[in-house]
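For reference, the structure is listed below as structure tokens.
Atom set for the values below is all heavy atoms of this structure, side chains included, hydrogens, waters and symmetry mates excluded. Values in this document were obtained by computation on a predicted structure and should not be read as measured data. Residue numbers start from 1 in every chain, and the chains themselves are labelled A, B, ... in the order their sequence lines are given, proteins ahead of strands.
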Amino acid sequence: MTDKPASPSPGDANDAGDGAVPGDGPLHTGSPLTRVLGVLALAAVALWLLYGLVWSPPDVEMDDLVRVLYVHVPVAILMYVGSFLCTAASALWLWKRTPGWDALAVAGAELGALFCALTLLTGAIWGRPTWGTFWTWDARLTSTALLQVLLLGYLALRRVDPSPGGGSQRASILGLLLIPNSMIVHYSVDWWRSLHQPATITKLDPTIEGDMLVALMVGLVAGGLVFAWLLVHRFRLAWLEQRVDRYDLDAAVAARRAEGGVQGNPGNPGSSGNPGEPGVQPA
Amino acid sequence: MELVVHFRAAVALLGRFPALAGLDLDVAQGQIVLLRGPNGAGKTTFLRACAGLVPVVDGTAQVLGRDLRRDPRSVRRRVGLLGHATGLYDDLTVAENVGFWGRAVRAEPADIAAALDLVGLDGRLSDVRAVKLSAGQRRRASLACLLARRPELWLLDEPHAGLDHDARDLVDGLVRQAVSQGATVVFSSHELDRATALADRTVEIVGGTSRSVFDPEQPCSGSKTERTIEEAAGVA
Amino acid sequence: MWRDAALVAERDLRIELRSRVATNQVAPFAVLVLVLFAFALDPDRGVLERATPGLFWLVVLFSGLLAVSRSGSLDEADGTRDALRLSGLDPAGVFLGKVAALVVELLLIELLLVVGVAVLYGTALDGFALMAATCVAAAVAVAATGSLYGALVAGLRVRDTLLPVLLLPVLAPVLIGATRAFETSLGSIASADAEGWAWCGLVAFFAVVYLVAGALAYGALLEGS
């Protein structure tokens, strides 16, 4: 997914020394913001582990198994956040057409897919001792599985169509439909399963309190920080990819013109057209 | 004379490839302009860009008074494009194809019938399914679809290719007739003899840019034909 | 817009009449899958009977995939997509026209399959009103969703493998709803009639949502890349 960059240098704007990407902006996805976020996230995760594993008591009914929920609930929430980001960013791209929204949509979808996989995994881990199986056709599990497929489908479409502009158009429409689709699916599945199961399995003990509540809250915060850190990096990565595309374009235009023995790029009035040609340029 | 086509330093992309890399071209109303140049030079892309099918991302591009960069769709109904692809449905007959495309552009039934007549595909041939036609006949059917539209700007991509001698004469005749009725024609061709005889003016397209071989301000005269051929020979 | 839709629907249906893809390829495929299900689920008629509603709609979905793919390919051949863009036809009209043609094809396939399950699986047919309504609603839902997603993947090299991945998860609610409605009408589970109609309503709602979504998005998708 996202590669953690080696020590990010302080946004070195003019470092075009490698001559690769024109420098009008940083070349790394790291920055003071991500370093602060990263440190905070690490601290929060440490706290999360402490509360989750050590300081909070075992549940009355579920015993130590409840600790899985301290991971499961936050990642599930973040899965929805990622998906929602994808849909919202797709909508905004369709409206405003600025490339930043497109980058955000991809970042949101990828993180959504990652956290969805984690949700399914932690759900299965919790489910095995509880129900005796890794999987059951519980409404929420089923909807989550379908959301995973929807997200993977979106990512598949993005990977297939590399042409700039056109790819974003299709993907944004697909992204726009992501949340409505998942809502319709969730509603249908819920209704369907409620016919066969007397009550939905509640995953959250409504009387959760004390250290357990703290553990959960810490989990939410820690998860959120990790999500934010990943999001910023992934967004910037997509942004840099777009910049590479734009730079490539200038080089390609120059090469194209060189085909015809023409120097330079358009916009230089004196350089288009071979000076030795007979005939007059159209007025 | 108002300009039907006005391109300045236009850049158009096919995916990531800049098919047009800073092209300048003006075409006045009523002119017949020939585009020539090596394969892959951008002639087809230019014609498609004029039809509003290929986005122009940089420079100026105006056709029939419309800005192609801002609103490429507005110009589409008023141009006619004869490309390499025929735009025909294999399973429908010639008459059904031309009828569909004609009705799609709200053409009069009389125009549709006349179009079939003009290209010589009325009668028995009009009931033949498109898949069974020869390449030349398909081209003619495609031409009929264009005729039915009565476009102000004709964009023909190698219109003579694949046609026999009679059919080529037919195309030339239709072009001259259209111009006499006020249309403008831009076409590309590798058939230099026939093409330069037809055209008022020749433009060379190389590497996504253009060089005019002939000055548009020159008055049209009989001697123009010889001069154009000489110049073309000299440039090549 | 409606005029354009009628024009396009007539065109698609006429092409279908000539080429007979739906009748010569998709329909036999549908019946074939019915037979294959019988092989897979064993002569144990009990299983087959109980599973009939679900199997029926699964076959409809897979056949629908083929029909949708075919419908999309019509407008990719030999420059017809460009011609469509140049024609000035209202994209929403084009979309609705294609959906209309697909609905006709799907209804015919569903009819064939109803006969198929009656004969092959020995299903006792009952509750015709609900069955018919569900068939119509589902046909529209599949046609509309399929046409939209078909346009989404149009022109891509991997179109044929990507379309099922994108389309089938989205159609899951249609599968769920139509199956439950059929279960009610065929009497294979004991449930109130009203519930079956509620499920049918879900499918119809889905169909309307995608009719609107497709009509709005088709123009943009025609242009893109």
Side-chain angles (χ1 to χ4, degrees), chain A residues 83 87 90-91 93-95 97 102 109 113 116 137 139 141-196, chain C residues 54 141 144-145 148-181 183-184 189-192 195-196 198-199 201-203 205-210 212-214 216-225:
Chain A
S83 309
T87 295
S90 297
W93 186 89
L94 282 168
W95 180 25
R97 301 278 164 167
D102 196 42
C116 191
W137 292 98
L141 260 178
T142 311
S143 308
T144 307
L146 265 168
L147 179 61
Q148 179 71 294
V149 180
L150 287 171
L151 284 163
L152 289 176
Y154 175 86
L155 293 173
L157 181 67
R158 284 225 84 116
R159 293 209 191 323
V160 158
D161 200 11
S163 69
S168 304
Q169 173 87 341
R170 295 174 197 259
S172 63
I173 291 183
L174 190 61
L176 186 63
L177 290 170
L178 186 69
I179 290 289
N181 276 334
S182 70
M183 278 167 54
I184 295 180
V185 165
H186 179 90
Y187 176 70
S188 318
V189 171
D190 210 29
W191 185 7
W192 168 45
R193 296 317 288 162
S194 70
L195 299 176
H196 300 266
Chain C
T145 316
L148 170 57
Y149 279 80
L152 212 71
V153 300
L156 297 176
R157 283 186 325 264
V158 295
R159 179 180 138 248
D160 292 321
T161 42
L162 193 54
L163 183 62
V165 172
L166 295 184
L167 188 56
L168 289 178
V170 174
L171 287 177
V174 174
L175 179 61
I176 293 175
T179 307
R180 300 287 97 63
E183 281 174 355
T184 307
I189 60 171
S191 65
E195 183 147 333
W199 283 112
L202 172 70
V203 176
F205 170 74
F206 190 95
V208 170
V209 167
Y210 267 95
V212 172
L216 292 174
Y218 201 75
L221 286 173
L222 254 191
E223 298 299 317
S225 81

[atom1]-[atom2] distance between [X] and [Y], expressed to the nearest 0.5 angstrom:
X        : Y        : atom1 : atom2 : value
A/Tyr187 : C/Phe205 : OH    : CZ    : 9.0 Å
A/Leu174 : C/Leu221 : CG    : CG    : 10.0 Å
A/Trp191 : C/Trp199 : CH2   : CH2   : 5.0 Å
C/Thr179 : A/Trp192 : OG1   : CH2   : 9.0 Å

Against chain A, work out which of C/Ala198, C/Pro173, C/Gly155, C/Gly177 has the most heavy-atom pairs shorter than 4.5 Å and name it.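 Greatest number of close heavy-atom pairs with chain A: C/Pro173.
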Less than 4.5 Å to any heavy atom of chain A: does that hold for the side chain of C/Leu148, its backbone, both, or neither?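 Contact with chain A involves the side chain of C/Leu148 alone.
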Which bit of C/Ala151 is near chain A, if near means a heavy-atom gap under 4.5 Å: side chain, backbone, both or neither?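 C/Ala151 touches chain A through backbone heavy atoms alone.
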Determine whether A/Val185 and C/Pro169 make a side-chain contact, defined as any pair of heavy atoms from C-beta on separated by less than 4.5 Å.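 In short, these two side chains do not touch, never coming nearer than 4.5 Å.
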Identify the heavy atoms of C/Ala172 and A/Leu146 that sit nearest to each other, and give their distance.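 Minimum heavy-atom contact is CB-CD1, 3.8 Å.
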For A/Tyr154 against C/Leu166, the heavy-atom pair lying closest together: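 Between these two residues, the closest heavy atoms are N-CD2, 4.3 Å.
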Most chain C-contacting option - heavy-atom pairs closer than 4.5 Å, from A/Val149, A/Ile173, A/Leu150: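 The candidate making the most pairs under 4.5 Å is A/Ile173.
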C/Val170 vs A/Leu177, side-chain contact (heavy atoms from CB on, under 4.5 Å): CA-CA, chis, key distance, verdict: CA-CA 10 Å; C/Val170 174; A/Leu177 290 170; over 6 Å; no
Has A/Arg170 got a side-chain atom pairing as donor or acceptor with C/Ala154's backbone, closer than 3.5 angstrom?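 A pair under 3.5 Å: yes.
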When A/Leu157 is tested against each of C/Val158, C/Val165, C/Leu162 for side-chain contact (heavy atoms from CB on, under 4.5 Å), which residue passes?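 With A/Leu157 as partner, side-chain contact (heavy atoms from CB on, under 4.5 Å) holds for just one option, C/Leu162.
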